[in-house]
Amino acid sequence: MSGEQTYEKFLPEGIPEWQRPFWESLREHAVRVQRCTRCGTYRYHPKEKCHRCPSRDAEWAPVSGRGEIYTYTVIRRAPTPAYAPDVPYTIVHVTMVEGFRMVGTLEGIDPDQVRIGLPVVLAYRDVTEDWTLIGFRPGSGT
Ligand SMILES: [Zn+2]
């Protein structure tokens, strides 16, 4: 893609082209997740084949962006120097209301206040011109 790459943290570069619609939906701040058109099962992360039925057919379906914390990890040691200003920060595994789990950075709450079961909503993290990453913040949406 384009632009000066001054962002020094991890980006999901090198993803297969067929998974690109997911990342484009994040950039558009309108997340869409792969869903089996035969049985309706969501596939996240994207997969070439349904794990519940034999179908390879899928669509990119809008989802609520709402969920609750399944588990979390507080990062206290920066994985690279670029993350040093961020620590401590929290990575959450979120069970979405649609039933699949997503992983992202939790924003807007002190790591010591995080609890399993806390309601969260997706927060779009526009980290570069080309990339929006998955974040969450406390809240139950609308
Ligand atoms: Zn299926």
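As the structure lists them, so they are numbered: ligands from 1, and atoms in each ligand from 1.
Applying the side chain to side chain donor-acceptor pair (under 3.5 Å) test to pairs two or more places apart or on separate chains, those with a residue in residues 47-60 are R35-E59.
Protein nitrogen, oxygen and sulfur atoms, that is N, O or S, within less than 2.8 Å of the Zn ion (ligand 1) amount to 4.
Between the side chains of R27 and T132, no donor-acceptor pair of N or O atoms lies under 3.5 Å.
Aromatic rings from H93 and Y70 are positioned such that their centres are separated by 6.0 Å or more.
Ionic pairing of E17 and R20 is present here: one or more N-O contacts between side-chain nitrogen and carboxylate oxygen are shorter than 4.0 angstrom. Taking 4.0 Å as the cut-off between side-chain N and carboxylate O, K9 and D86 count as a salt-bridged pair.
Using the six-membered ring where Trp is involved, Y89 and Y83 have ring planes that are parallel, under 30° apart on the 30 and 60° scheme.
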